[in-house]
Every structure is written in C-alpha cells, then in structure tokens.
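Protein chains get the first letters and strands the later ones, always in sequence-line order, with residue 1 at the start of each.
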Number of protein chains: 2
Amino acid sequence: MVQSLNSGSNKIASERMRRKSEARRLDILRAAARVFRRSGVAAAGMREIAEEADLSPGNLYYYFAGKDELLFFCQDRTVDRMLEAAEAARASTMPVADQLRAVIRAHLHYTLEELEGATAHLEIDMLADDLRRTIIEKRDKYEHAVRALIAKGVKRGEFAPCDAALVARAMLGALNWTSRWYRPEGAQSVAAIAEGLADYLVRGVAAAAPAKTAPVRAVSGGRK
Amino acid sequence: MVQSLNSGSNKIASERMRRKSEARRLDILRAAARVFRRSGVAAAGMREIAEEADLSPGNLYYYFAGKDELLFFCQDRTVDRMLEAAEAARASTMPVADQLRAVIRAHLHYTLEELEGATAHLEIDMLADDLRRTIIEKRDKYEHAVRALIAKGVKRGEFAPCDAALVARAMLGALNWTSRWYRPEGAQSVAAIAEGLADYLVRGVAAAAPAKTAPVRAVSGGRK
DNA sequence: ATAGGATTAGAACCATGGTTCAAAGTTTGA
DNA sequence: TCAAACTTTGAACCATGGTTCTAATCCTAT
C-alpha cells in the first residue's frame, strides 16, 4: 500500500547511499508539507519549498518529479494513516461511539499536527488525473469506513437512526474545516479541540435513550 | 451595507444607461459565479469567465477592475445574505432550535443554489488585503451570530451546555464542506440535504431532556 | 589519490493567465 | 445627422512560477 518512496530511474549503487537519499526525500517532503500548510497549496511555490528544505530550486527536481508528486505523497501518506486509524477503530471492541471518537481524534491529529498532513483533502484539483484518481479512491474508502461505523452504531441501537452517508459527510466536513481556522498559537490544543468536536459530533447521532441495545423508535429523518 | 455596484470612475450621463450598465454588471457577476463554482476559483480564467458572459476578455475589464473585484462581489453578496438570514432568525420568536434550522437552510441555499454564491468562504486568500479584510470581517460577524444563537439556546435550557464557539465552527464546517461534494445532478435535493444536516447538527446540541426551560446539569465538555 | 557516479546550484526557459491598449463599432442627446 | 460618450474587440504585454539545463562540486569505492 505504501509504495517505495523511490519513484525515479535512479540506479542506486550502495545501500548506504540509498538510505541517505530516501532520508533526504523524507526531509524534503516534510518541508513541502510545512509550506503547503503555511501558505496553502496553490500559493506554495517550488522556490519557497526549496528554501524551506534548504536546497536549490533546481535540486528539488533531483528528488521529486515536480510539485504534483510532492503534493501527492503528502496527501497519500495522510490518507493512508487515516485509513489505518479507521480500520483499527473498527476492529476494536469498544462501544461504537468510542470508535468514532478515536477516528475523530486521529483525523484531527493527522490534519493539524503531523508535519506531513494538513493537505489531505485540500486542493486535489491540481493533481494530474491519474494521481488524483488514486487519492480520491482512498478518500472515498475512508469516507465509507466512517459511514460504516455510523451504520454499525445505528444497527446496534447505540445510535439513533439517521442518514449515515450524510452524517459522515457532515462529520468529515466539520473536521476538515478545522484546517481553515486552527492556529497553532491559539488557546486550544489540538487534543482539546478533538475532544470538544467529538463530544458534539457523536452526540448528534447518539440514541435518545441511554440504551445499549434498545431498538429505539425512528425519529426525525423524514421531515419534508 | 450593500454598496453600489458601480466602482469605477464612470461619469454616467443618463439614467437609462446607468441602469443598463448595472444590469450588465450583474449578468457578468452571475456568469463569473457560475464559472467559479464549476471550475473552482483558482482554475477559473478570465477568458473562461468572459466566454460564459458572452463578451471578449478585454471587455470584462470595462466592467470590473479585475478578477479580484469579481470574486469580491460574489463573496460579499453571499455573506450579506447569510447575515440577513441570521439576523432574521435571531429576531424571530420560534424555538432556538428552529432558528438554527432556518440559518442552516439559508446557508445551504446560498452556498449551493444561488448563482451568486458558492464561493463565499472559499479562496479568500487570493484577494488583495483590503478586500479580504472586508470579507473576513463579515464572515466573522456571521460566525458570531451563529455562535450567539447557540449560546442563547443553552441559556434558555433548550440546548445542552457546550463550547458554543467550537460547535459553531463545526456546524459551519459541515455546511461549507457541502460545496466539495454536492453535485446538482445528484439524487438528493438541496432542500433534502438541508433538512438532513439540520436534523443532525441541531440534535448535537439539543438538551438531553425534552425540557423547555430546565437547567440541565452540565454534561460532557470537560473530558481531559 | 582518482575515476565515476551522485548531488548541487543557479540561471534560463517557457506556458499560463491576468491585464493593458489602441483602434473600431455603437448608442445617445441635440 | 453629427459629435461625444459609451462599448467592444482581439492582440499584445508582462509577471508569475513550474520546470529544464549545464556545469561545477562532493562522495564513495578502488
């Protein structure tokens, strides 16, 4: 799933050099992610990224094919981690509400804290068709995982009946939107924001009764 | 609040011409908004906008100072309408939950349906400093209005205690994110989406008990 | 120490796309 | 009908920014 970072046609000689090269690629990737987050993907220039990574603009192209690839790897890594987190939550034995909380926590962590992240769902438009397709595919898979989590909660009676697809999108929207207003120097920590959002977002699907298995009667949902 | 559409130094002669000119400006604005939504603000080119508005690229600049102004007017109009809707809701006498629902409905309407809208909160980055400042100011005002609505609901006991600021941001995030996935040709109508989202988003703050004035005991909020 | 590959720098290239311009066409008011 | 003002055009301008190129420098292995 996580393909080798080496993309080009480098015919590497020794193992030692390969290692060093790969490490450098990671450094650059992190620098790029930092710039992407700071300036926004569109505004981030290759020269700016190069400076952040402490190398010349031209040298960037020795390690990466272009801005596309840089952005792609950032997004790809992030989505992969979110997928892992969703799968881990799904496989756990805690109440679905807590599984959902775990996903929310991870999502915000990878969106706001991890150096690689923050641009996972943003600005996919600028990618070449094939790269974009890959990201969209994984992104959809992730969305489906969240949706499935909600549906499971409903089926178990832990959640109130609802349109799982729509609710999943609402949750992800609330989470993704944080990158628009979150500022590291702000008062609230990411962890605090995560708990606050989890409280609100999960409460929105929680069954009215404190039931654990009770097949609650259908409410809301069908107002026209 | 809604400043005259005439911005330039046009010394208009007759009233008749002024009217016609202003109407033309509106047509162009609508065309621009359509392109902004279809292609995204960044990808939307002046040539594309010109074609959509049925005039030459150069002619665009006779009516508008540039892409900035075009985008600004689109956003400004949309935010103004949302502000109006929020104020109307606030002034009404219905339960706060319904006031909130009204705001949600209006927000989605102006974001997804009105030709002028859809880019209200998006891509503010590309605006010149002074223009951006104006939009941000209004956007903040709007966010505060939503926040106030939530706080009012809590004070009245209609809503459960919560971090109003955070919840407001979550709601707005969920709403704004719709522009990322909504497709006019999709199965759900905007109205249906609005009701579904309102159900979920309002339920998240609704007081546990069906109370109307009951000072519910503080729940959630402080998990650390 | 030295050849050869790996790495680097920085200027130059070039496509994109916002914008300007000068000239021509159209409408209006007298 | 005529002149002035308004409108329109399409080519050209130009800044931005991703990318390429070439020559120099650094490392590693022998």
Side-chain angles (χ1 to χ4, degrees), chain A residues 5-28 31-32 35-36 39-74 123 125-128 131, chain B residues 5-28 31-32 35-36 39-74 123 125-128 131:
Chain A
L5 266 178
N6 272 311
S7 68
S9 50
N10 306 19
K11 316 130 190 169
I12 297 101
S14 74
E15 177 67 13
R16 177 178 170 68
M17 295 177 71
R18 203 191 56 76
R19 279 293 183 81
K20 192 181 166 191
S21 172
E22 190 123 333
R24 193 98 172 81
R25 282 173 70 89
L26 250 178
D27 282 345
I28 295 174
V35 176
F36 282 151
S39 310
V41 176
M46 292 301 269
R47 289 165 181 83
E48 189 184 354
I49 293 175
E51 188 175 10
E52 177 82 22
D54 267 311
L55 40 69
S56 71
N59 199 9
L60 260 184
Y61 287 81
Y62 180 78
Y63 290 97
F64 290 92
K67 194 176 176 181
D68 256 35
E69 195 175 294
L70 233 27
L71 180 57
F72 172 77
F73 275 121
C74 285
E123 315 280 338
D125 309 314
M126 80 162 354
L127 262 62
L131 293 183
Chain B
L5 266 179
N6 272 311
S7 68
S9 51
N10 305 21
K11 315 128 191 171
I12 297 102
S14 74
E15 178 65 16
R16 176 180 172 67
M17 294 178 72
R18 202 190 58 75
R19 281 291 183 77
K20 191 181 166 192
S21 172
E22 190 122 333
R24 194 100 172 78
R25 282 175 69 88
L26 252 177
D27 282 346
I28 296 173
V35 176
F36 282 150
S39 310
V41 176
M46 291 300 268
R47 291 166 178 83
E48 188 184 354
I49 294 175
E51 187 175 11
E52 177 81 23
D54 267 313
L55 40 69
S56 71
N59 198 9
L60 260 183
Y61 288 81
Y62 180 78
Y63 290 97
F64 291 92
K67 195 177 175 181
D68 257 35
E69 197 175 293
L70 234 26
L71 180 57
F72 172 78
F73 275 121
C74 285
E123 314 281 338
D125 310 314
M126 79 160 357
L127 262 61
L131 294 182

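- Counting all heavy atoms, side chain and backbone alike, B:Arg25 lies closest to B:Phe73 at NH2-CE1, 3.8 Å.
- Residue contacts shown for B:Ala44 are limited to sugar-phosphate atoms, with no base heavy atom under 4.0 Å away.
- Distance CZ/A:Phe36 to CD/A:Glu48: 10.0 Å, rounded to 0.5 Å.
- The side chain of A:Arg47 lies closest to C:dA12, out of C:dA12, C:dA9, D:dC6.
- Note: CG (A:Leu71) to C1' (D:dG18) measures 14 Å, nearest angstrom.
- The distance from atom NZ of A:Lys67 to atom P of D:dT16 is 15 Å, rounded to the nearest whole Å.
- Among the atoms of the strands shown, base atoms are found under 4.0 Å from some heavy atom of A:Gly58.
- Rounding to whole angstrom units, CE of residue B:Met46 and P of D:dA12 are separated by 20 Å.
- Atom-to-atom, CG of B:Asp54 to P of D:dG10 comes out at 13 Å; the value is rounded to the nearest Å.
- When distances run from any side-chain atom of B:Tyr61 to the nucleotides C:dA12, C:dT20, C:dT7, the shortest one goes to C:dT20.
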Would you check, one step at a time, whether the test salt bridge (charged side-chain N to carboxylate O under 4.0 Å, His left out) holds for A:Arg47 with A:Glu51? CA-CA 6 Å; A:Arg47 289 165 181 83; A:Glu51 188 175 10; over 6 Å; no
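- Atom-to-atom, CD of B:Glu69 to P of C:dT19 comes out at 10 Å; the value is rounded to the nearest Å.
- Distance B:Leu55 CG to D:dT9 P: 6 Å, rounded to the nearest Å.
- Closest to the side chain of A:Ser56, from the set C:dT8, D:dT19, D:dT9, is C:dT8.
- A:Ser21 OG to A:Tyr62 OH: the interatomic distance, rounded to the nearest 0.5 Å, is 6.5 Å.
- As judged by a 4.0 angstrom heavy-atom cut-off over every strand, B:Leu60 is placed among residues making no nucleic acid contact.
- Rounded to whole Å, atom C1' of D:dG18 lies 10 Å from atom CE of A:Met126.
- For B:Tyr62, taking side-chain heavy atoms from C-beta onward, the closest of the listed nucleotides C:dT8, C:dA9, D:dC6 is D:dC6.
- Here C:dT8 is the nucleotide among C:dT8, D:dT8, D:dT28 with the atom lying nearest to any side-chain atom of A:Asn59.
- In this structure, A:Arg24 reaches the C:dT8 phosphate: one of its side-chain N or O atoms is under 4.0 Å from OP1 or OP2.
- Separation of atoms CG (B:Leu127) and CG (B:Leu71) is listed at 5.0 Å; rounding is to 0.5 Å.
- Summarising the geometry, the separation between CG on B:Asp68 and P on D:dT16 is reported as 14 Å, rounded to the nearest angstrom.
- Residue-level contact check: A:Gly45 touches the backbone only, with heavy atoms under 4.0 Å from sugar-phosphate atoms and none from bases.
- At the heavy-atom level, B:Ala50 lies nowhere under 4.0 Å from the strands shown.
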